[in-house]
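Data block below; observations after.
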Amino acid sequence: MNWRAVLGDTYREALAAVSPARLLAPHLTGPPPDLVVAFGKAALPMLRAALEAYPGVPGLAVPPRDAADLSAPPRAEVYPASHPVPGADSVRAARAVLARVAALPAGSRLLVLVSGGGSALLAAPWGVTLAQKQALTRELLAVGADITQVNTVRKHLSRVKGGRLAAATRAELRALLISDVIGDDPAVIASGPTVPDPTTFADALAVLDRCGLVAPAARAHLEAGARGEVPETPKPGELPHAQAQVIGSGRVLLEAARDALARRGVAARLLSATQGGDVRDLAAWHAAELRRQWPHRTAPLVLLSGGEATVTLRGDGVGGRNQEFALWLLRDLGAAGIYGLSAGSDGRDGNSAAAGAFLTPDSLARARRLGLDPDTFLARNDSGTFFARLGDALVTGPTGHNLGDLRLLVLSPPSPL
């Protein structure tokens, strides 16, 4: 069996099976809304599906600037914006969204379509300048803060996050969310602009302290909030006109991958859809699981996992958490190579052009022949360069989706251990 082709095809088929349009279709019923707003990496596919179901309704989308297709659907405005660090275009987009939803009269209906990436794409800095918020976002990502920690800070430096978008409108708001975060908490997805926020200014300060970040302007604003001098984000029970529902998650993606493998007669086992933590620890856990299960296999089995790990930056290389996971796993397994694929469902892994990377049983041997030392590339967070030189990068371009990461690891007997 050509495992590399099977894994690549499984990735693509799983994404197609849980496309934004398919996830949305069962929920686009009832009276048409008066306005549809979509933001996140799946903003345009979600908006197009909604406006097909509700022809004639106006819409507004805030997609990533590098989206494959930025054409506007009929009666829709498109505000491309920056990701993963917000830019001036993100501020412009947030202002446009806030103005449109604030203009809706009481009794009108607002449909908001949210997907991962919305935190950076929709930015309305509060208490800090855009430059200060950009710097703080980079610092949080660099020290390996997880998405819940990052968004706790973002929500308290924003006029749109943490339920403030919902607070800005008198319309009856219905939000449909595609989750890219562990736990699928609507208050974390895109920093929860349409739902009450359970976190506080004090929580945001605790994140800065835990990460060892000074950030004087942000800290001054957060301290003022903690003293009650700045209004808190809306809390549970304070947004009765807003409802939110998660319609897609990483688990749905993994189940679609399992179904795609089953159609090929390949057995698969879902390990977990909610794995986070440091990418090095995650790779070590998977290596141990492979060693545990390998001796018992008499037929091929694909282990599936998902979630979103964190990377602590030590260098200025090219790559992201999926390629770094694959490189740590390659290092941990050594000569006991496997077929595998680790890739982001959005088609972009960190600052690289790849979605992720393949592993093959001879990856380490081929790397050595090319003079590629895994430790050297890991030391400078340069996994993207490693796999590009090896010819094992998966390059798809932006997929218009975001359901977290997909890892597929093949246990094929006999055991190499």
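Side chain to side chain, Ser342 and Gln323 fail the donor-acceptor criterion of an N or O pair below 3.5 Å. Counting only N and O atoms by type, the side chains of Ser249 and Ser179 include no donor and acceptor under 3.5 Å apart. A side-chain donor from one of Ser82 and Asp89 sits under 3.5 Å from a side-chain acceptor of the other. No hydrogens or angles considered: a donor-acceptor pair under 3.5 Å links the side chains of Ser305 and His286.
No donor-acceptor distance shorter than 3.5 angstrom exists from the side chain of Lys161 to the backbone of Ala190, with no hydrogens or angles considered. Judged by distance alone, with hydrogens and angles left aside, the side-chain atoms of Asp373 form a donor-acceptor pair with the main-chain N or O of Thr376 at under 3.5 Å. Between the side chain of Arg219 and the backbone N or O of Val214, at least one donor-acceptor pair lies under 3.5 Å. Side-chain atoms of Lys155 never come within 3.5 Å of backbone atoms of Val150 as a donor-acceptor pair (strictly under, hydrogens ignored). Looking only at distances, a side-chain donor or acceptor of Arg109 sits under 3.5 Å from a matching main-chain atom of Pro32. Arg297 places a side-chain N or O within donor-acceptor distance of the main-chain N or O of Ala299, the cut-off being under 3.5 Å. Remark: side-chain polar atoms of Asp362 are not paired, donor with acceptor, to backbone N or O of Ala365 under 3.5 angstrom. A donor-acceptor pair under 3.5 Å is formed between the side chain of Arg164 and the backbone N or O of Ser158. Within the 3.5 Å criterion, the main-chain N or O of Asn402 finds no donor-acceptor partner in the side chain of Asp180. Looking only at distances, a side-chain donor or acceptor of Asp382 sits under 3.5 Å from a matching main-chain atom of Val318.
The aromatic rings of Trp3 and Tyr339 are tilted relative to each other, their planes meeting at an angle between 30° and 60°.
For the pair Arg314 and Glu324, the salt-bridge criterion is met [side-chain N within less than 4.0 Å of a carboxylate O]. Ion pairing between a basic and an acidic side chain is recognised when a charged N comes within 4.0 Å of a carboxylate O; Asp349 and Arg321 show no such pairing. Arg251 has no carboxylate O lying under 4.0 Å from a charged side-chain N of Asp184, or vice versa, which leaves the two without a salt bridge. For Lys235 and Asp197, the salt-bridge test passes: some basic side-chain N is under 4.0 Å from an acidic carboxylate O. A salt bridge between Glu289 and Arg269 is absent, with no side-chain N of the basic residue lying under 4.0 Å from a carboxylate O of the acidic one. The pair Arg12-Asp9 meets the salt-bridge criterion, since a charged nitrogen lies less than 4.0 angstrom from a carboxylate oxygen.
Just one of Leu254, Leu7, Leu359, Leu303 meets the side-chain contact (heavy atoms from CB on, under 4.5 Å) condition when paired with Leu408; it is Leu7. When each of Leu205, Thr199, Asp203, Val207 is paired with His156, the side-chain contact (heavy atoms from CB on, under 4.5 Å) condition holds for Thr199 and for no other.
Side chains of Val128 and Pro125 form a contact here, defined as non-hydrogen atoms less than 4.5 Å apart. Within the 4.5 Å cutoff, side-chain heavy atoms of Ile178 are placed close to those of His401. In this structure, Val153 and Leu208 have side chains that are in contact, with non-hydrogen atoms separated by less than 4.5 Å.
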Residue pair Arg380, Asp316: steps toward the salt bridge (charged side-chain N to carboxylate O under 4.0 Å, His left out) verdict: CA-CA 6 Å; Arg380 60 176 184 253; Asp316 58 356; over 6 Å; no
Chi angles and distances behind the salt bridge (charged side-chain N to carboxylate O under 4.0 Å, His left out) call for Glu13, Arg264: CA-CA 12 Å; Glu13 290 172 19; Arg264 290 177 167 81; 2.7 Å; yes
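In the displayed structure, Arg100 atom CZ is contacted under 6.0 Å by more than 12 heavy atoms of other residues, nucleotides or ligands. With a 6.0 Å radius and a threshold of 12 heavy atoms from other residues, nucleotides or ligands, Gln243 has its CD atom at or below the threshold.
Residues passing the salt bridge (Lys or Arg N to Asp or Glu O under 4.0 Å) test with Asp392, sequence neighbours excluded: Arg4, Arg366.
Note that CD1 of Ile147 is 7.5 Å distant from CG of Leu141, once rounded to the nearest 0.5 Å.
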Can you give me every donor-acceptor pair (side chain of residues 35-51, partner residue at least two apart or in another chain, under 3.5 Å) with its distance?
{"from": "Lys41", "atom 1": "NZ", "to": "Asp346", "atom 2": "OD2", "distance (Å)": "2.3"}
{"from": "Arg48", "atom 1": "NH2", "to": "Asp69", "atom 2": "O", "distance (Å)": "3.4"}
{"from": "Arg48", "atom 1": "NH2", "to": "Asp69", "atom 2": "OD2", "distance (Å)": "3.4"}
{"from": "Arg48", "atom 1": "NH2", "to": "Ser71", "atom 2": "O", "distance (Å)": "2.9"}
{"from": "Arg48", "atom 1": "NH2", "to": "Ser71", "atom 2": "OG", "distance (Å)": "3.3"}

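Listed by first and then second residue, the salt bridge (charged side-chain N to carboxylate O under 4.0 Å, His left out) pairs that reach into residues 270-286 come to none, sequence neighbours excluded.
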